[in-house]
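All values below were derived from every heavy atom in this structure, side-chain atoms included, with hydrogens, water molecules and symmetry-related copies excluded.
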Amino acid sequence: MNRMSLAMAAIFAPFSAQAAERIELSSDVFVEKIFQDTNGRQKVILEKPVTVVPGDRLIFVLKYRNVGDSSANDVTVTNPMPTAVSFQETLDGTELVSVNGGRSWNRLQNIRVREPDGRVRSAVPEDVTHIRWNLSNAISGGSQGKLTFRGVVK
């Protein structure tokens with residue numbers, strides 16, 4: 001499998017939610033393209049990816065919907081980072097991240113990483129293996145929302 005095909009397969013990594021019996025999840029991914037229009041203004045368009053190459057900027061949109069009749073409380077949505085993509089940021093900044101495969105969670109700025117040589121450094125976005133959102137507000141029956149994060153193809 002070539003690198004582009006591998007990256008495309010990895011883009012659609014599974015994600016999960018607690019309270020799953022009432023919460024339906026779906027996702028979309030887009031390639032962010034920036035260009036200048038005829039008047040010289042910068043424009044951003046989002047396209048469904050056909051192929052991706054290293055350096056492509058991706059936007060991931062995770063959609064959740066309460067398909068039950070009653071409110072869902074304390075919903076947690078977890079998304080592993082696709083292996084072919086480096087995490088960059090979320091749009092809302094409310095996420096917790098893991099740099100160790102989901103074994104522990106914290107805000108990125110609070111995580112330290114031990115290098116193979118024993119040196120310890122602050123974690124950077126590229127260290128992130130999983131993203132998690134704890135939705136503190138109840139999601140009423142029939143309500144929906146979305147969570148968004150950015151990544152770059154390695």
(message) Could you go through Asp74 and Asn134, starting from their C-alpha distance and side-chain angles, then the distance that decides it, and tell me whether this counts as side chain to side chain contact (heavy atoms under 4.5 Å, CB included)?
(response) CA-CA 7 Å; Asp74 300 317; Asn134 297 314; over 6 Å; no

(request) Identify whether NZ of Lys or CZ of Arg in Lys146 sits under 6.0 Å from the centre of the six-membered ring of Tyr64 and within 45° of that ring's axis. (result) no

(request) Please lay out, stage by stage, how Leu25 and Lys63 fare under the test side chain to side chain contact (heavy atoms under 4.5 Å, CB included). (result) CA-CA 6 Å; Leu25 302 170; Lys63 295 176 266 184; over 6 Å; no

(request) Applying side chain to side chain contact (heavy atoms under 4.5 Å, CB included) between Arg57 and each of Val31, Val153, Ile34, report the one that passes. (result) Ile34

(message) Can you tell me which residue among Val77, Thr78, Val97 is in a side chain to side chain contact (heavy atoms under 4.5 Å, CB included) with Arg132?
(response) Thr78

Looking at [atom1] of [X] and [atom2] of [Y], how far apart are the two atoms once the value is rounded to the nearest 0.5 Å?
X: Arg107; Y: Leu96; atom1: CZ; atom2: CG; answer: 6.5 Å
X: Ile131; Y: Leu147; atom1: CD1; atom2: CG; answer: 9.5 Å
X: Arg150; Y: Gln88; atom1: CZ; atom2: CD; answer: 9.5 Å
X: His130; Y: Phe87; atom1: NE2; atom2: CZ; answer: 13.0 Å
X: Ile111; Y: Ser104; atom1: CD1; atom2: OG; answer: 6.5 Å
X: Leu108; Y: Asp127; atom1: CG; atom2: CG; answer: 7.5 Å

(message) I'd like to check Val75 versus Asn73 (side-chain heavy atoms, cut-off strictly below 4.5 Å). Are they in contact?
(response) no

(message) A side-chain contact here means heavy atoms from C-beta on lying under 4.5 Å apart; do Leu58 and Val85 qualify?
(response) yes

Can you name the nearest heavy-atom pair linking [X] to [Y], along with the distance?
X: Val29; Y: Lys48; result: O-CD, 3.7 Å
X: Met81; Y: Val128; result: CG-O, 3.6 Å
X: Thr129; Y: Gly102; result: OG1-N, 3.9 Å
X: Ser71; Y: Ser140; result: OG-CA, 3.5 Å
X: Ala72; Y: Asn66; result: N-ND2, 3.4 Å
X: Thr148; Y: Trp133; result: O-CZ2, 4.3 Å

(message) Counting only heavy atoms from other residues, nucleotides and ligands, does the tally under 6.0 Å from CG of Asp69 exceed 12?
(response) no

(message) Taking ring-ring contact (aromatic ring centres under 6.0 Å, His included) as the definition, give me every residue that meets it alongside Phe149, ordered by chain and number, with sequence neighbours left out.
(response) Phe60

(message) Under the criterion side chain to side chain donor-acceptor pair (under 3.5 Å), I'd like the reasoning laid out for Ser122 against Arg112: C-alpha separation, chi angles, the key distance, then a yes or no.
(response) CA-CA 5 Å; Ser122 296; Arg112 308 279 290 163; 3.0 Å; yes

(message) Could you go through Ser70 and Arg22, starting from their C-alpha distance and side-chain angles, then the distance that decides it, and tell me whether this counts as side chain to side chain donor-acceptor pair (under 3.5 Å)?
(response) CA-CA 9 Å; Ser70 60; Arg22 291 186 298 205; 3.0 Å; yes

(request) Evaluate the side chain to side chain contact (heavy atoms under 4.5 Å, CB included) criterion for residues Leu62 and Asn79: first the C-alpha distance (whole Å), next the side-chain angles of each, then the deciding distance (0.1 Å), finally the verdict. (result) CA-CA 9 Å; Leu62 312 176; Asn79 196 101; 3.5 Å; yes

(request) Carefully, step by step, assess Glu47 and Glu32 under the rule side chain to side chain contact (heavy atoms under 4.5 Å, CB included). (result) CA-CA 7 Å; Glu47 297 177 344; Glu32 182 180 47; over 6 Å; no

